[in-house]
There are 2 protein chains.
Amino acid sequence: MPASPTLEDVARAAGVSRATVSRVINGIRNVDPVIQETVRRAIADTGYVPNRAARSLVTRRTGAIALVVSGAGEESGESPFHSQVFADPFFGRVASGVVGFLRPRGIHPILMFAETAEARAQVIAYLRQGNADGAILVSTQAEDPLPRLLVEASLPAVLFARPAEPIPISYVDVAHRTGAKLAADHLVARGRLRVATIAGPLNVPAAQDRLSGFRDAMAAHGHPYIPCAEGDFTLDSGEAAMERLLAEYPGLDGVFIANDLMAQGALPVLRHHGRRVPEDVAVVGFDDSSAATASRPPLTTIRHPVEDMAAEMARLLAAHIDDPDQPVTSIIFEPSLVVRDST
Amino acid sequence: MPASPTLEDVARAAGVSRATVSRVINGIRNVDPVIQETVRRAIADTGYVPNRAARSLVTRRTGAIALVVSGAGEESGESPFHSQVFADPFFGRVASGVVGFLRPRGIHPILMFAETAEARAQVIAYLRQGNADGAILVSTQAEDPLPRLLVEASLPAVLFARPAEPIPISYVDVAHRTGAKLAADHLVARGRLRVATIAGPLNVPAAQDRLSGFRDAMAAHGHPYIPCAEGDFTLDSGEAAMERLLAEYPGLDGVFIANDLMAQGALPVLRHHGRRVPEDVAVVGFDDSSAATASRPPLTTIRHPVEDMAAEMARLLAAHIDDPDQPVTSIIFEPSLVVRDST
DNA sequence: GAGGCGTTGGAGAGCGCTCTCCCGGCATGC
DNA sequence: GCATGCCGGGAGAGCGCTCTCCAACGCCTC
């Protein structure tokens with residue numbers, strides 16, 4: 001393999017100095033248009049590609065950021081964590097939003113998984129070694145030690161969703177309570193009187209907010225008691241929770257389910273127990289993930305502007321990287337109701 | 001932010017030369033155990049972390065490989081490609097297998113998407129800049145130009161699945177025809193006589209092999225004609241294909257569906273048309289993805305050893321990187337039948 | 001026409017690391 | 001006793017790039 005050409009080679013080919021070629025490439029300062037053209041041709045002729053390692057060494061920038069998916073690695077089975085992540089369309093939307101912001105800027109997202117203590121340590125080491133300039137963190141788990149570790153290492157980072165413990169780190173989130181209220185209002189507008197809910201794991205702030213927001217909104221409509229079954233945001237847990245709910249409250253005519261994946265699990269259970277959706281039981285999900293459209297019937301749900309939120313995370317992170325003294329901030333997005341056939 | 005310590009700092013703290021510290025870190029040559037201990041303490045004291053850019057610059061290695069998911073970016077909607085990828089549990093299994101091999105070796109996988117010509121160019125540029133030492137490529141699309149581009153740039157790469165056009169590149173694959181035969185044998189063993197199939201997109205070699213393998217095996221059992229509807233490996237396409245098949249062959253009692261995701265789409269259609277699964281119609285999928293277990297009833301399917309295959313890709317790539325003169329090879333894995341409730 | 005100023009290109013010093021030399025010291029062989 | 005070999009450590013040359021100086025060269029002004 002022929003050694004790839006260096007700046008020096010291009011400079012020689014163009015009959016100028018290394019510095020001038022560098023200036024042309026990086027668009028810094030004025031360079032005579034004629035010389036610029038000569039240099040560009042030399043670059044094309046030699047097939048020159050800048051060496052990132054050399055550039056990083058001096059700029060102390062990598063042009064890459066880590067997109068970390070963090071959570072509890074279930075110890076059972078053979079690393080089901082990655083499968084879990086890839087089975088959840090939510091991450092696709094996050095990736096879309098992040099890539100949408102970063103790609104035009106030539107910044108590369110690097111996907112990393114931090115499901116074990118070892119993996120977390122690797123993520124921190126990776127960042128400290130200067131493989132990436134910062135991290136976007138999406139946790140699937142409430143008590144995630146990673147945000148704290150990032151703050152302690154004073155690495156630029158932005159979270160998706162408010163951390164369970166208060167630490168000085170920027171995050172974006174959605175107004176969960178507002179979303180839950182939209183669901184409540186909609187169920188009431190559909191004339192549902194015996195409404196229940198399936199919540200997410202209650203140690204997750206988002207799950208708490210959705211539950212309490214829903215209960216408060218229903219209370220405002222004159223329904224002081226809303227039965228609840230707890231799931232853990234997985235399809236299977238939604239199935240199980242729906243079974244429990246039906247066993248205990250066979251007369252229910254409306255369910256608010258804290259995410260679409262659990263709702264997708266719940267729908268076949270309702271059908272299996274002879275309930276038609278939406279005629280007998282109206283179902284409202286949360287997230288507007290692709291699970292919502294994959295369900296039969298397609299789900300009425302609360303739409304997170306996930307792509308926008310992810311893009312905002314990328315923007316925030318980029319700002320933190322450019323100016324480390326940037327104060328930490330939180331940005332809260334407003335959800336919206338998407339009506340489909342399940343209500 | 002205090003500048004992070006360099007080798008020089010550690011060397012000074014330990015009272016030795018840079019070279020010695022480097023030798024301790026990289027475990028090269030013998031270093032006096034006493035000095036080794038001193039150096040280690042100095043590293044711990046200073047909180048030293050090697051700078052990867054500097055190291056890469058001289059070793060011409062990054063310790064990272066790109067995990068590229070390549071395919072056609074549907075132009076409709078807002079970048080649905082990432083969502084598509086993240087909705088398919090198959091990629092989770094690939095990631096698991098790859099990470100399982102790489103993590104113990106301290107190599108980082110970098111996930112990249114190559115759904116447009118621009119993104120493909122970025123992937124190539126990324127590798128040529130020396131951001132990663134090689135690429136593992138998983139295509140969702142038949143005519144993918146990326147393998148050729150990689151070969152032309154003489155970048156180390158390994159594919160998942162045989163490329164549609166013959167090019168000198170290593171790949172791993174599964175014996176699709178054997179898998180299809182397993183499905184055929186099983187359906188026949190279950191006493192099914194009016195069997196049909198839903199195929200994948202027929203420009204994909206894997207889809208071709210599954211279809212022809214199935215037809216050949218059924219022919220060997222005395223069923224010369226097997227009706228087929230073509231899908232594109234998505235849930236929706238499975239739904240549509242099942243509708244077509246039922247409309248044309250209402251009497252069918254067994255279906256082999258070329259992947260689990262399409263099967264997941266097909267099951268509700270069968271149910272909707274009053275067919276019980278498996279009593280009236282037996283369904284066999286392919287992949288043993290988590291869609292197989294998420295389906296109701298859970299799917300009998302053909303199990304790819306995807307994790308093993310992915311790990312093997314990583315191993316092959318590592319070998320290619322270590323020795324660029326390594327000849328290209330292909331490794332074919334044997335699938336197996338997993339019986340669940342759909343047959 | 002001389003001095004000042006803005007513009008443009010070159011020289012060269014590193015960034016932090018690895019790795020090849022080389023050298024000193026000690027055990028060994030004749 | 002001296003030459004020989006080996007082992008452990010240091011010196012220093014880069015890897016390919018950026019970026020700060022600095023020099024050269026107009027051009028304007030007085």
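Throughout, protein chains are lettered first and strands after them, A, B, ... in sequence-line order, and every chain is numbered starting at 1.
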Query raised in the report: Of all the nucleotides listed (dG16(C), dG10(D), dC17(C)), which has the minimum atom distance to the side chain of R55(B)?
Result: dC17(C)
Report task. By nearest nucleotide on DNA chain C, pick out whichever of A19(B) and A53(B) is the more 5' one. Result -> A53(B)
Query raised in the report: In whole angstrom, what separates N26(A)'s CG from dT8(C)'s C1'?
Result: 17 Å
Query raised in the report: Is the distance from OP1 or OP2 of dT18(D) to the nearest side-chain N or O of R61(A) less than 4.0 Å?
Result: no
Report task. Would you kindly check if the NZ (Lys) or CZ (Arg) of R105(A) is within the cone defined by 45 degrees around the ring axis of F101(A) and under 6.0 Å from the six-membered ring centre? Result -> yes
Query raised in the report: Does T6(A) make a side-chain N or O approach to OP1 or OP2 of dG16(D) shorter than 4.0 Å?
Result: no
Report summary line: Heavy atoms of I167(A) and P147(A) approach each other most closely as CD1-CB, 3.4 Å
Query raised in the report: Regarding T46(A) and D9(A), is there a side-chain donor-to-acceptor distance under 3.5 Å anywhere?
Result: no
Requested in this report: Starting at atom CZ of R23(A), determine the distance to atom C1' of dG12(C), rounded to an integer number of angstrom.
Outcome: 13 Å
Query raised in the report: Of the candidate nucleotides dG16(C), dT18(C), dA11(C), which contains the atom at the shortest distance from the side chain of L7(B)?
Result: dT18(C)
Query raised in the report: Any side-chain N or O of T20(A) under 4.0 Å from OP1/OP2 of dG9(C)?
Result: no
Query raised in the report: What's the CG-C1' distance between D9(B) and dC17(C), to the nearest Å?
Result: 13 Å
Query raised in the report: Within this structure, what is the CZ-to-C1' distance between R52(B) and dC17(D), rounded to whole angstrom?
Result: 19 Å
Query raised in the report: Counting just side-chain N and O atoms, does N51(B) come under 4.0 Å of either OP1 or OP2 of dC15(C)?
Result: no
Report task. Calculate the interatomic distance between I35(B) atom CD1 and dG10(D) atom C1'; express it in whole Å. Result -> 11 Å
Query raised in the report: Between dC17(C), dC15(C), dC19(C), which nucleotide has the shortest distance from any of its atoms to the side chain of V58(A)?
Result: dC15(C)
Report task. Indicate whether the side chain of D133(A) and that of T62(A) have a donor and an acceptor atom separated by less than 3.5 Å. Result -> yes
Report task. Calculate the interatomic distance between R128(A) atom CZ and dG16(C) atom P; express it in whole Å. Result -> 15 Å
**Report entry** DNA chain D: 5'-proximal contact among D32(B) and A54(B) (nearest heavy atom)
**Finding:** D32(B)
Report task. Give a yes/no answer on whether the side chain of R18(B) brings an N or O atom under 4.0 Å of OP1 or OP2 in dG12(D). Result -> no
Query raised in the report: Are any of the side-chain nitrogens in R128(A) or E152(A) under 4.0 Å away from the carboxylate oxygens of its partner?
Result: no
Query - For atom CD of E8(A) and atom P of dC15(D), their distance in whole Å - result: 10 Å
Query raised in the report: Rounding to a whole Å, what distance do you find between Q129(A):CD and dC15(C):P?
Result: 20 Å
Requested in this report: Compare side-chain N and O positions of T59(B) against OP1 and OP2 of dT18(C) and report whether any pair is under 4.0 Å apart.
Outcome: no
